[in-house]
Amino acid sequence: MKLDVLPIGLYQENIYLLHDHDHVLIIDPGRNAKEIAKYIAPQETVDAILLTHGHSDHVMAADDLADMYGCPVYLNRSDRMLVTPGVGRIDGTEYPVYSELRDLDEGELKAGTFPLHIYHTPGHTAGSVLIRFRGILFTGDTLFAQSIGRTDLYSGNEEEMIASLRRIMDLPGDLKIFPGHGPSSTISHEKIANPYLQNL
C-alpha cells in the first residue's frame, strides 16, 4: 500500500491517492486534475473517487477525474445540495458536480477492490464522513491535528459536531488520521493534544 498526499490549491486541501495492488482510490480531489493524474501510473486502475464532504475545495476536480478514469464518485446524500448543478450558491463553499453520485453512507463499503468503513460524522456539514481503510482514517474537515472543522457554514451544526467527536473518541487509538488540511496524526495523540476532544 502507498499513500500520496497532495496539498493543492488556495486552501492547501489535502488530496489523497491510496494505491494498493495497482488499484487507486482518489479522496477529496479539490482541484487540478492533470496534476493529480501525474501520480497515477498507466497500469493502475482508479476504482473510485470519494468525497468526505461537499465543499468546493474538496470536489472541484471530481468531474474531470471521473471522465479521465471512468470511475464512480461517492458522496454522502446529505451533502448533495452542495454539489447539485443549478442550485443557488449558499455561502460560497459550493461547486457543482455533474457526475452521477453514489451514496457514501454509514457502514461497510466495497469501493472497487477496497474494503472500507464509512462513519457519518455531521457537524462541519450535514453529510461529512470519515473513511477508514485498514489502520488509516481520512477525516476530511471533521477532525484536524489539534483542531476541528468549522460549524458556522451552511448545514454545519455545533451540537452534531460534538456528537461526532464523541464517536471519534471511541475509535482505536492506533488509527492514523489524515485530515482535509494540515498534517497527519493519530487518534491517541488527538485524545491528548486536541483541546476540542479534551473538552468533551
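Just so it is clear, the values below take in all heavy atoms, side chains as well, and ignore hydrogens, waters and symmetry mates. In what follows, residues are counted from 1 in the order of the sequence shown. All of these numbers come straight from a predicted model, not from anything done at the bench.
In this structure, the separation between CD1 on Ile131 and CG on Leu104 is 5.0 Å, given to the nearest 0.5 Å. Rounding to the nearest 0.5 Å gives a distance of 8.5 Å between OG1 of Thr52 and CG of Leu130. To the nearest 0.5 Å, atom NE2 of residue His19 and atom CD1 of residue Ile40 are 6.5 Å apart.
Between Ala111 and Leu116, the shortest heavy-atom contact is CB-CD1, 3.9 Å.
Here Lys2 does not pair with Glu44 in a salt bridge; the nearest charged N to carboxylate O distance is not below 4.0 Å. For Asp4 and Lys38, the salt-bridge test fails: no basic side-chain N is under 4.0 Å from an acidic carboxylate O. Salt bridge Asp64/Arg31: absent, no basic N to carboxylate O contact under 4.0 Å.
For Ser147 (side chain) and Phe144 (main-chain N/O), no donor-acceptor pair under 3.5 Å exists by modelled atom type. Between the side chain of Gln146 and the backbone N or O of Asn194 there is no donor-acceptor pair closer than 3.5 Å. The main-chain N or O of Leu82 is never found under 3.5 Å from a side-chain atom of Tyr154 such that the two would form a donor-acceptor pair. Panel note: side chain Lys191, backbone Met169; a donor-acceptor pair is recorded below 3.5 Å. Of the possible polar contacts, none joining the Asp63 side chain to the Val97 backbone as a donor-acceptor pair under 3.5 Å is found. In terms of modelled atom types and a separation under 3.5 Å, the side chain of His55 and the main chain of Asp141 share no donor-acceptor contact. Side-chain atoms of Asn14 come within 3.5 Å of backbone N or O of Pro179 as a donor-acceptor pair. His58 places no side-chain N or O within 3.5 Å of a backbone atom of Asp28 that could act as its donor or acceptor partner. Asp47 places no side-chain N or O within donor-acceptor distance of the main-chain N or O of Gly112, the cut-off being under 3.5 Å.
Inspection of the Tyr119 and Arg132 side chains reveals an N or O donor paired with an N or O acceptor under 3.5 Å. Counting only N and O atoms by type, the side chains of Thr125 and Ser128 include a donor and acceptor under 3.5 Å apart. For the residue pair Thr151/Asn157, the side-chain donor-acceptor check at 3.5 Å is not satisfied. Judged by distance alone, the side chains of His181 and Glu13 never bring a donor and an acceptor atom under 3.5 Å apart.
Counting non-hydrogen atoms of other residues, nucleotides and ligands closer than 6.0 Å to CD of Glu100 gives a total of 12 or fewer. Sparse packing is recorded around CD of Glu158, with 12 or fewer heavy atoms of other residues, nucleotides or ligands lying under 6.0 Å away. No more than 12 heavy atoms of other residues, nucleotides or ligands sit less than 6.0 Å from atom OH of Tyr196.
Taking the centre of each ring, His21 and His23 stay at or above the 6.0 Å mark.
Here the side chains of Ser164 and Pro122 are in contact, with some heavy-atom distance below 4.5 Å. Using a 4.5 Å cut-off on side-chain heavy atoms (C-beta onward), Leu50 and Leu25 make contact.
Tracing side-chain contacts under 4.5 Å through hydrophobic residues (I, L, V, M, F, W, Y), one never reaches Tyr98 starting from Val59; they form parts of separate clusters.
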Give the C-alpha distance, both sets of side-chain angles, the deciding distance and a yes or no for side-chain hydrogen bond (donor to acceptor under 3.5 Å, both in side chains) between Asn76 and Asp105. CA-CA 5 Å; Asn76 186 272; Asp105 295 330; 3.3 Å; yes
Just do the side-chain hydrogen bond (donor to acceptor under 3.5 Å, both in side chains) check on Ser185 and Glu190 with the steps written out, would you? CA-CA 7 Å; Ser185 184; Glu190 293 310 300; 2.6 Å; yes
